[in-house]
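These figures come from a predicted structure and were not determined experimentally. Numbering of ligands and ligand atoms starts at 1, following listing order. One-based numbering along the sequence shown.
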Amino acid sequence: MKIQTDFSLKNYNTFGIEASAKQFVAVHSVAELKTILEENKSNKKFILGGGSNMLLTQDIHALVIHIDLKGRKIIKQDNDYVWVESQAGENWHEFVLWTINQNFGGLENMSLIPGNVGTTPVQNIGAYGTEIKDTFVSCQAIKIENQELKTFTEDECNFGYRESVFKNEVKDQYIITSVVFKLTKRNHKINTSYGDITTELGKNNIVTPTLKDVSNAVIAIRQSKLPDPKELGNSGSFFKNPILLKTDFEKIHLQFPEMKFYDVSETEVKVPAGWLIEQAGFKGKRFGDAGIHKNQALVLVNYGTATGQEILSVSKDIQATIYKIFGIHIEAEVNVI
Ligand code: EPU
């Protein structure tokens, strides 16, 4: 375990932003992580997973601890279900493919989401009608302050739309080291309710899709809409879809009858932020090296040498314009550092 100084984080954030860490260390086991935390009690620390959900707007004047814990295994099974455990530093998509190749069902709709397994519970990642809370059993986390290990059950995680206890009540207090999911071995609950998936399967004349078919359909949809961070720096959806009270939404809807929306509860609706941004004329626009993706307006991109500040400023411009036109506040989904 070597602590490096003035370390470039360009290859450690999917936006590809040039920023440096005052100190940087990669840990490969829980024991190494404990040691580093113990030895650096009074130093400022910054925990880095896959770097796929953050915008670096400045250098990090702290010890950056990169969670590089690897390993995945079956920990238990019965006739119907299997419990799989993945260490936090495993790449999410590779983990999903590993489960699908063994015919374990539950994660297929979340194929090709960037990032590592350990950060998936933090914002309860989701796509195409599925969220990780649907298969999540528990995760193990280490308390930064005293290095004690704690298991968080699904209940304790308080999952919501892109929300969890790790973004709220225990924010910055724990580092997730591994996650357990309960997946199906048979009678898979194939979920093709999301319109895009049905269309994609239809194109290939697939009537009774397998897990692999659903995963392939999701991969094809994502590849057609979302830029690959290896080719064009980005952090997936930059904004969350706003949730509005139905009473407020109804007034806005009278003015903008073509506005799309989805019911989320008796009293609330979700409005696609991508639609609002597109209507406001931002889709595909470019400001220097910072821009809004041409196929999915929720995604901000770095065409090369954009700084975090430049991307942040575009995001603020979008927020202000949306508020001015629609009276709706859209909130960033990525962590602005
Ligand atoms: N839309 C537009 N213009 C756009 C983008 C979207 O009008 O540029 C409209 C679409 O026509 C559609 C609606 O918005 O009616 C929803 O679009 P889409 O199915 O692409 O989903 P989204 O709400 O924009 C969310 C997630 C994505 C996830 C997709 C699919 C959030 C913040 N984003 O996007 O997640 O892949 O659903 O489930 O909830 C991510 O979090 O990084 C991410 C990519």
For ligand 1 and A297, I'd like to know whether there is a polar contact (N/O to N/O, distance under 3.5 Å). yes

Run the numbers for me: atoms of ligand 1, each under 4.0 Å from some heavy atom of N241, listed by number. 23 (O), 31 (C), 39 (O)

Show which atoms of ligand 1 fall inside a sub-4.0 Å distance from at least one heavy-atom site of E333. 32 (C), 41 (O)

At the 4.0 Å heavy-atom cut-off, does R162 count as touching ligand 1? yes

Carboxylate-amine/guanidinium contact K240 E333, below 4.0 Å: no

So which protein heavy atom does atom 33 (N) of ligand 1 come closest to, and at what separation? S237 OG, 3.0 Å

Any chance the side chains of E156 and T153 put a donor and an acceptor closer than 3.5 Å? yes

Strictly under 6.0 Å, is that where the ring centroids of Y81 and F104 end up? no

Any side-chain heavy-atom pair of Y174 and V165 under 4.5 Å: no

Looking at atom 30 (C) of ligand 1, what's its closest protein heavy atom, distance included? Y128 CE2, 3.4 Å

Say whether K225 and ligand 1 are in contact under the criterion: heavy-atom distance to a ligand atom below 4.0 Å. yes

Please write down residue, atom name and distance for the protein heavy atom closest to atom 11 (O) of ligand 1. K260 NZ, 3.3 Å

Using atom types as modelled and distance alone, determine if a side-chain donor or acceptor of N40 lies under 3.5 Å from a backbone N or O of I36. yes

E163 and N168: side chain donor to acceptor below 3.5 Å: yes

Does a side-chain N-to-carboxylate-O contact under 4.0 Å join E85 and K73? yes

When you check the side-chain N and O atoms of T35 and E38, is any donor under 3.5 Å from an acceptor? no

Between Q296 and ligand 1, which part of the residue brings a heavy atom under 4.0 Å of the ligand: side chain, backbone, both or neither? both

Just which atoms of ligand 1 are under 4.0 Å from any heavy atom in G236? 42 (O)

Quick one: which ligand 1 atoms are inside 4.0 Å of a heavy atom on L298? 24 (O), 32 (C), 33 (N), 34 (O)

Under-4.0 Å salt bridge between D248 and K246: no

What protein heavy atom sits nearest atom 28 (C) of ligand 1, and how far away is it? A127 CB, 4.1 Å

To the nearest 0.1 Å, how far is atom 14 (O) of ligand 1 from its closest protein heavy atom, and which atom is that? P272 CB, 3.1 Å

Give a yes-or-no answer on whether the side chains of T14 and S52 include a donor-acceptor pair shorter than 3.5 Å. no

So is R222 close enough to ligand 1, meaning a heavy atom under 4.0 angstrom away? yes

Please check whether S235 reaches ligand 1 - meaning an N/O of the residue sits under 3.5 Å from an N/O of the ligand, judged on distance alone. no

For ligand 1, which part of Y262 has a heavy atom less than 4.0 Å away: the side chain, the backbone, both, or neither? side chain

Output yes when the distance from some N or O of ligand 1 to some N or O of Y194 is under 3.5 Å, and no in every other case. yes

Looking only at distances, please establish whether an N/O atom of ligand 1 is found under 3.5 Å from an N/O atom of K283. yes

A student checking ligand 1 against F239 at a 4.0 Å heavy-atom cut-off should list atoms 32 (C)

Quick one about T199 and D196 (side-chain donor to acceptor, distance below 3.5 Å, no hydrogens or angles considered), yes or no? no

Is any NZ, NE, NH1 or NH2 atom of the basic residue among D134 and K189 found under 4.0 Å from an Asp or Glu carboxylate oxygen of the other? no

Check this for me, if you would: do K143 and E148 make a salt bridge, where the nitrogen-to-carboxylate-oxygen distance has to be below 4.0 angstrom? no

How far is atom 39 (O) of ligand 1 from its nearest protein heavy atom, and which residue and atom is that? Y161 OH, 2.7 Å

Among all protein heavy atoms in this structure, tell me which lies nearest to atom 2 (C) of ligand 1, with the distance rounded to 0.1 Å. E278 OE1, 3.4 Å

Write out the residue and atom name of the closest protein heavy atom to atom 1 (N) of ligand 1, then the distance separating them to 0.1 Å. W275 N, 3.7 Å

